[in-house]
Amino acid sequence: MISVKILGIDPGTARLGYAILELKEKPVLLDCGIISTSKDDNDAVRLKEIRADLLEIINKHQPQLASVEKLFFFKNPKTIIPVAQARGVILEIAASNGLEVFEYTPLEMKKTITGNGMAKKEMVAEIIHRELALDEKIKPDDAVDAVGLALTYLRSSHHWREAEILSV
């Protein structure tokens with residue numbers, strides 16, 4: 001039986017969304033949430049906290065790969081550097097733990113999930129909840145985006161097609 005675990009990550013310094021999806025016959029959400037850091041801490045402390053928390057998630061779930069949001073377009077120029085720094089930590093820890101990294105822009109994720117790269121967050125969340133047959137809504141949006149990124153990898157990969165063939 002095919003089984004793959006994907007770590008989905010929506011980068012941020014104040015709030016980083018994460019998700020662990022496992023694909024067997026169908027995708028199953030094992031874990032999701034956010035890593036929060038205090039704005040009162042300096043950048044170095046915040047990045048260290050992100051690294052430690054991500055390492056704990058990786059050690060607990062043992063994913064084989066990571067699906068990470070690419071920097072694409074930022075409305076707020078003040079946040080681009082901290083997000084880029086967080087992405088650096090994410091990419092380093094993934095590589096140090098042997099995870100292959102796949103990157104998708106927000107538009108690519110939305111298009112893969114909904115068929116429309118300009119879809120609203122609510123539509124993305126609705127489709128994710130329906131596809132994963134979740135009883136409760138995922139919150140906050142950062143966690144939803146992380147699940148969406150993991151699902152984007154699955155839908156874009158050979159794993160998805162093999163699972164579809166096995167389920168027929």
Side-chain angles (χ1 to χ4, degrees), residues 1-13 15-35 50 53-54 57-58 60-75 79-80 83-84 86-95 97-167:
M1 178 187 319
I2 300 164
S3 177
V4 63
K5 287 184 186 174
I6 302 98
L7 170 62
I9 301 177
D10 180 27
T13 304
R15 290 189 343 180
L16 178 147
Y18 73 88
I20 299 286
L21 274 186
E22 182 174 22
L23 177 66
K24 290 185 180 177
E25 291 90 25
K26 62 180 185 166
V28 176
L29 181 61
L30 300 179
D31 190 11
C32 72
I34 59 168
I35 296 171
I50 288 168
D53 289 353
L54 273 178
I57 292 164
I58 289 169
K60 178 180 179 184
H61 293 288
Q62 299 293 308
Q64 289 87 20
L65 55 99
S67 181
V68 181
E69 186 176 275
K70 273 187 196 178
L71 286 178
F72 178 63
F73 172 76
F74 266 80
K75 294 176 187 167
T79 61
I80 194 163
V83 172
R87 274 184 41 83
V89 169
I90 293 161
L91 297 175
E92 181 278 327
I93 197 165
N97 285 275
L99 277 67
E100 189 172 2
V101 176
F102 297 85
E103 299 178 83
Y104 304 96
T105 66
L107 291 175
E108 289 171 320
M109 186 266 284
K110 289 177 181 181
K111 182 159 180 57
T112 302
I113 300 298
T114 69
N116 176 1
M118 302 307 287
K120 301 283 185 211
K121 285 187 177 280
E122 296 80 20
M123 177 182 272
V124 174
E126 182 181 317
I127 291 171
I128 288 170
H129 286 96
R130 188 175 43 224
E131 185 161 319
L132 297 176
L134 301 175
D135 294 330
E136 294 184 28
K137 292 205 180 260
I138 300 168
K139 291 185 181 180
D141 288 343
D142 308 278
V144 174
D145 289 346
V147 175
L149 287 158
L151 198 53
T152 296
Y153 166 78
L154 283 179
R155 287 186 169 188
S156 303
S157 75
H158 69 279
H159 296 292
W160 188 264
R161 289 181 287 286
E162 289 174 4
E164 285 180 332
I165 291 167
L166 288 175
S167 67

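- Qualifying side-chain hydrogen bond (donor to acceptor under 3.5 Å, both in side chains) partners for N97, counting only residues two or more places apart in sequence or in other chains: none.
- Sorted by first and then second residue, the salt bridge (charged side-chain N to carboxylate O under 4.0 Å, His left out) pairs involving residues 108-117 (not counting sequence neighbours) form an empty list.
- Using modelled atom types, one side-chain atom of H129 and one backbone atom of A125 make a donor-acceptor pair closer than 3.5 Å.
- A 4.5 Å side-chain heavy-atom check between L16 and D10 finds every atom pair outside the cut-off.
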Report task. Test side chain to side chain contact (heavy atoms under 4.5 Å, CB included) on Q64 and I6 and set out the steps. Result -> CA-CA 6 Å; Q64 289 87 20; I6 302 98; over 6 Å; no

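- Proximity of T112 to S156: side-chain heavy atoms (C-beta onward) are separated by under 4.5 Å at one or more points.
- Side-chain contact between L21 and V28: absent, with no pair of heavy atoms (C-beta onward) separated by less than 4.5 Å.
- In this structure, CD1 on I20 lies 9.5 Å from NZ on K60, to the nearest 0.5 angstrom.
- Considering only residues two or more places apart in sequence or on other chains, E92 meets the side-chain hydrogen bond (donor to acceptor under 3.5 Å, both in side chains) condition with R51, S96.
- The CD1 atom of I35 lies 7.0 Å from the OH atom of Y18; values are rounded to the nearest 0.5 Å.
- Here the shortest heavy-atom pairing between A86 and G12 reads CB-O, 3.5 Å.
- In this structure, CD in E126 is found 11.0 Å from OG1 in T114, a value given to the nearest 0.5 Å.
- E100 is linked by a side-chain contact (heavy atoms from CB on, under 4.5 Å) to L65, F102, counting only residues two or more places apart in sequence or in another chain.
- By the side-chain contact (heavy atoms from CB on, under 4.5 Å) test, E22 pairs with S3, K5, K24, L30, sequence neighbours left out.
- Here the side chains of I9 and S67 are not in contact, with every heavy-atom distance at 4.5 Å or above.
- When all heavy atoms are compared, the tightest approach of L132 to P27 is CD2-O, 3.7 Å.
- The CD1 atom of I50 sits 7.0 Å away from the CD1 atom of I90 when rounded to the nearest 0.5 Å.
- Residues A84 and L71 come closest through the heavy atom pair CB-CD1, 3.7 Å.
- Across all non-hydrogen atoms, the minimal contact from I58 to P63 is O-CD, 3.6 Å.
- Shown here for V68 and P11, the closest heavy-atom pair between the two residues is CG1-CG, 4.0 Å.
- For the atom pair CD of E69 and CD of E103, the computed distance is 10.5 Å after rounding to the nearest 0.5 Å.
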Taking only distance into account, with no hydrogens and no angle test, what donor-acceptor pairs under 3.5 Å do side-chain atoms of residues 137-152 form with protein atoms, sequence neighbours excluded?
from, atom 1, to, atom 2, distance (Å)
D142, OD2, R15, NE, 2.9
D142, OD2, R15, NH2, 2.4
D145, OD2, K121, NZ, 2.9
T152, OG1, G148, O, 2.7

